[in-house]
Amino acid sequence: MTGPRVRFAPSPTGYFHVGSARTSLFNYLFARGHGGTFILRIEDTDASRGRQEWTDGIISAMNWLGLTYDEGPTFQSHNAPRHAQAAEALWAAGHLYACDCTSEVVQERTKGNPIPGYDGRCRDRQLERGPTTALRFRVPDEGSVIVRDQIRGDIEFQLANYEDFVVLRSNGGVLYPLANAVDDRDAKMTHIIRGEDLLPTTPKQILMWEALSSSPDFGDVPVPLYAHLPLLVNEQRKKLSKRKDPVSVESYRDEGYLPQALVNFFSLCGWSPREGDEIQPIENFIAQFELSDVTHSPAFFDMAKMRHINGEYVRRLSVEEFLAAAQPWLQPELSEWRPTDYETPWAPEDFRPEVLDVMAPLVQERVTVLSEVPAMVGFFFRRPEMSDGDFTKTIASNEGAKAVLADVIAAAQSGTNWTSDALHALVAQIGENHGMNLRKSQAPVRLAVTGALVGPPLFESLEVLGRDEVVLRLTAALERAR
RNA sequence: GCUCCUAUCGUCUAGCGGCCUAGGACACCGCCCUCUCACGGCGGCGACACGGGUUCAAAUCCCGUUAGGAGUGCCA
């Protein structure tokens, strides 16, 4: 394979963040559209933070979204010996020096300094390496590093603004800038596509990348091209926050978002197709995706738009696909996964799948996320509870409404045709008899039978629910009104 | 503070010197369709942050200002 090599390198610090999903997706789009290789690498060097379940979560969320990778997952922690070797090579070449300043001490000492960060105290102290010394990278005092960013163009950073950063902890643990550079080099990455928040640390990685090039154990690997994606921000224009914003992909799955819809929406976070509609199959996006078309400015994570796109995808499903997608909310006990903390609003044994034969298409065009399905069909499997407010306003205080109910009950009991068309005509006629148009006359029937003033089409619902049950519910409502 | 990034309708964006009295989408508002709610259709509202240049011509190029944001850990 001679195409580009890219990777998605999340650190397992929690659930799968939508920002990570977007980064992962853009790597995927780029690789798939350019005959490249997409690699998943788990950056778990900070052992105190990583957890197996978080890693599993990332992998299963990527599978769910359909972001398939070609190599991996590899684990950064498994490369510890290689990282140590890199540190040795850098040490041997004089790029590193030992430092016994703890971060607290450095902070205290440099508090009023015009240039923040480490002040280079140990640079020339020739300290021995020991259990209390970290290894710092000797950043040149002059010169600059140019980051070749495929989205923003070349960006020049003056080295004078960079402190001598730590590369190896005093406890021997390797730090991100080194581990990252080593792994990317060894994996021959050609493009690094990641969030804009990493842009300021890029010069450090380039510095190490180049420093390693003179070591025979590492060899001369060309510095990759970069692409720093615009941040995803909330309505306050701040980077999406784990604490304040709903950012987990899993939570959107629980709400009933379709993976294809999410992928489509994420694609639009910082990029838009040159050709055609905003809503297109991912194959079209793969064919069109270019890093140079990625936007420079932060993208608002617009959940209203995300909902719209999901509704669009829901409606484009075939009825069979829709039912399959909605199964976790309809019959969670039969599904391979169920939304977390979800229970059907009806007793599972009361569920009747045949109701959906008629109702599914009618429900499908009325929901935007799948979690709205149960509320829309709940009255088929459970007697409705209507609010006092609705009941009083629509039935109890309305003589015409009560008359309509009584007449519908009478007609039902005298054997009127029980088809949606016949019921439609019946309620219209009864309403007319009492001086009400259908808009008015259907309301009490709807409320009495479904428990709500809005819902799927009424007459189909009556037909499916059946004559006896409808009479029962209408009678109950009428008696409650007396 | 310092470094870097960014700046077109409320939001996401198209625009890469003349096709722009700035196009599309979401949201919002109206009308139509209609048994409710949706869907769908039609229409409306609504933007080039500001100031200098360059040019015959700038939303588009350059500089500055302002405003946002990110980074500034022995986190990633």
Side-chain angles (χ1 to χ4, degrees), chain A residues 9-13 43-46 48-50 76 99 101-104 106-107 112-118 133-136 147 149 151-152 155-158 160-163 165-177 179-180 194-203 228 230-231 233 235-239 265 268-274 277-279 292 295-309 311 315 362-368 376 420 423-424 427-428 431 437-443 445-447 450 452-460:
Chain A
S11 61
T13 56
E43 306 226 319
D44 55 351
T45 53
D46 190 356
S48 65
R49 297 171 69 177
Q76 192 156 66
C99 169
C101 307
T102 63
S103 51
E104 296 79 35
V106 172
Q107 236 178 30
N113 281 10
I115 301 168
Y118 183 67
T133 59
L135 258 34
R136 288 185 183 269
V147 176
D149 192 286
I151 296 173
R152 291 156 215 280
I155 303 162
E156 183 174 16
F157 292 86
Q158 295 300 326
N161 293 315
Y162 284 83
E163 61 181 311
F165 52 93
V166 174
V167 146
L168 207 66
R169 288 188 177 112
S170 49
N171 70 7
V174 67
L175 256 9
Y176 168 76
N180 195 266
R194 34 136 72 151
E196 191 193 343
D197 49 345
L198 275 327
L199 183 51
T201 74
T202 307
H228 288 96
L231 256 20
V233 298
E235 43 281 277
Q236 279 82 238
R237 306 248 106 215
K238 304 268 197 205
K239 184 165 81 161
F265 172 69
L268 265 17
C269 289
W271 179 81
S272 63
R274 291 190 177 190
D277 204 64
E278 288 184 329
I279 298 180
S292 57
T295 310
H296 299 186
S297 51
F300 175 55
F301 190 74
D302 188 349
M303 282 184 265
K305 184 139 186 166
M306 186 165 84
R307 277 182 62 82
H308 167 81
I309 290 173
R315 272 173 257 124
L362 304 176
V363 171
Q364 183 176 356
E365 65 178 31
R366 285 173 171 75
V367 298
T368 54
M376 211 152 278
S420 63
L423 288 162
H424 186 149
V427 173
N437 59 22
L438 185 53
R439 183 186 175 83
K440 288 283 182 198
S441 57
Q442 60 89 34
V445 180
R446 178 184 296 280
L447 183 63
T450 73
L453 290 167
V454 300
L458 179 59
F459 305 111
E460 284 82 352

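Lettering follows sequence order; numbering is per chain, from 1.
Using a 4.0 Å heavy-atom cutoff across all strands shown, A:I309 reaches no nucleic acid atom at all. A:F157 comes within contact range of the sugar-phosphate backbone alone, with a heavy-atom separation under 4.0 Å but no base atom that close. Note on A:F300: only backbone sugar-phosphate atoms sit closer than 4.0 angstrom, heavy atoms only; bases stay farther off. The residue A:K440 sits apart from the nucleic acid: no heavy atom pair falls under 4.0 Å. Residue contacts for A:G431: at a heavy-atom cut-off of 4.0 Å it reaches no nucleic acid atom on any strand shown. Within 4.0 Å of A:S170, counting heavy atoms only, lies at least one base atom of the nucleic acid.
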Nucleotide by nucleotide, 5' to 3', does protein get under 4.0 Å of the base (B), only the sugar-phosphate (S), or neither (-) in nucleotides 29-51 of chain B, counting heavy atoms? ------BBBBSS-----------

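In this structure, the ring-ring contact (aromatic ring centres under 6.0 Å, His included) partners of A:F459, at least two apart in sequence or on a different chain, are A:H424. With sequence neighbours left out, A:T368 forms a side chain to side chain contact (heavy atoms under 4.5 Å, CB included) with A:R307, A:E372. A:H308 pairs by the ring-ring contact (aromatic ring centres under 6.0 Å, His included) definition with nothing, not counting sequence neighbours. Evaluation of the ring-ring contact (aromatic ring centres under 6.0 Å, His included) rule for A:F265 yields A:F301 as partners, not counting sequence neighbours. A:E104 pairs by the side chain to side chain contact (heavy atoms under 4.5 Å, CB included) definition with A:T102, not counting sequence neighbours.
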